[in-house]
Visitor: 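Please read through the structure below; I'll follow up with questions.
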Amino acid sequence: MKIQLQQFDVLESTNVTAVAFAKEGAPEGTVIVAERQEGGRGRMKRAWNSPTGGLWFSVVLRPHIEPQYAAQVTLLAGVAVAQALRQIYQTDEITIKWPNDLLLKSKKICGILSEMQLDENGTIDYAIVGIGINVALNPKDFPKDLKEIAASLNASFNKNYTCTYVLAKVLQEFDFLYQQWLIKGADMVINLWKKFNCTLGKQVLVKDNDEVIFSGEVISIDETGAIVVRSKEGELQSFDFGEISIR
Ligand code: BTN
């Protein structure tokens, strides 16, 4: 994939700009980066705190695959970021919480928001993978509600990496995994996801819009990225949406 960087000082959201570029025909590999976002978006329609110091970017993809496999791109992105950050910061303490939150010792350091557009034939027109990584934020400046649940990488590891450096590494990992995935399918991605995840085997509450809808132990993840949860009574349910809190 040929990477074409489009850099901005400030955007509402790199996902919004990436969608606009994709609609205008931007090729696969177009990457929109902003130094800060004024309307950064998170999952579940939440706002995403995006001041200067973090790495905020979105990648335009045009995979020729069946739409039902598109969710694998999000798993792939989580794996690529985890690989890159583990290498850069020389740590194995960065883990993936289903579906694609990256945690450092149970505090969030990265979030991923993907969106997809089908064309009139039902094939994928484009997919956007938006990635936010807390590279060089000052934890002292975190808003109150994030202080307990988020961390910043440089501050945690006492390093001084730039967002540009981290971006280059992440894109390198992403591109490699993406090519492998297109050629060979999802096995490698799922296996790496399993290696990095901190979710399998855990007791969790499954939530949809902050409402608990199921609880139990996560016993597996399938190739679409859905988790299978077993309740106390032995009932099995799989979830491909929502989020979990680990108990
Ligand atoms: C989450 O809720 O965990 C997902 C957060 C995704 C944030 C990134 S920052 C770059 C891209 N642009 C956005 O507006 N959101 C994503």
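Indexing begins at 1, ligand by ligand and atom by atom, following the structure's order.
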Visitor: Please report which non-hydrogen protein atom sits nearest to atom 2 (O) of ligand 1, along with the residue it belongs to and the distance in Å to one decimal place.
Guide: Arg43 N, 2.6 Å
Visitor: Considering heavy atoms of the protein only, find what lies nearest to atom 15 (N) of ligand 1 and give residue, atom and distance to 0.1 Å.
Guide: Arg41 O, 2.8 Å
Visitor: Taking a hydrophobic cluster as the set of Ile, Leu, Val, Met, Phe, Trp and Tyr residues connected by side-chain heavy atoms closer than 4.5 Å, whether directly or through intermediates, do Phe21 and Ile128 fall within one such cluster?
Guide: no
Visitor: For ligand 1, which part of Ile131 has a heavy atom less than 4.0 Å away: the side chain, the backbone, both, or neither?
Guide: backbone
Visitor: In the protein, what heavy atom is nearest to atom 5 (C) of ligand 1, and what distance, to one decimal place, separates them?
Guide: Trp48 CE3, 3.4 Å
Visitor: Which pairs pass side chain to side chain donor-acceptor pair (under 3.5 Å) with one or both residues in residues 149-167, sequence neighbours excluded?
Guide: Tyr89-Asn154
Visitor: Which protein heavy atom lies closest to atom 9 (S) of ligand 1, and at what distance to 0.1 Å?
Guide: Gln37 NE2, 3.4 Å
Visitor: Give a yes or no answer on whether the side chain of Asn15 reaches the backbone of Leu113 with a donor-acceptor pair at less than 3.5 Å.
Guide: yes
Visitor: List the closest protein heavy-atom neighbour of atom 3 (O) of ligand 1: residue, atom name, distance to the nearest 0.1 Å.
Guide: Lys108 NZ, 2.6 Å
Visitor: Quick one, Trp48 with Gln37, criterion side-chain hydrogen bond (donor to acceptor under 3.5 Å, both in side chains). Give me CA distance, side-chain angles, the key distance, then yes/no.
Guide: CA-CA 9 Å; Trp48 181 260; Gln37 301 182 113; over 6 Å; no
Visitor: Check this for me: does any side-chain nitrogen of one of Glu243 and Arg46 sit under 4.0 Å from a carboxylate oxygen of the other?
Guide: yes
Visitor: With nothing but distance in play, are any N or O atoms of Thr14 less than 3.5 Å from an N or O of ligand 1?
Guide: yes
Visitor: Shared ILVMFWY cluster between Trp56 and Leu146, side chains joined below 4.5 angstrom?
Guide: yes
Visitor: May I ask whether Gly40 has any heavy atom positioned less than 4.0 angstrom from an atom of ligand 1?
Guide: yes
Visitor: Quick test: of every protein heavy atom, which one is nearest to atom 8 (C) of ligand 1, and how far off is it to 0.1 Å?
Guide: Gly132 N, 3.6 Å
Visitor: Distance under 4.0 Å to a non-hydrogen atom of Asp101: what atoms of ligand 1 satisfy this?
Guide: 3 (O)
Visitor: Would you check, one step at a time, whether the test side-chain hydrogen bond (donor to acceptor under 3.5 Å, both in side chains) holds for Thr123 with Asn121?
Guide: CA-CA 6 Å; Thr123 54; Asn121 307 316; 4.8 Å; no
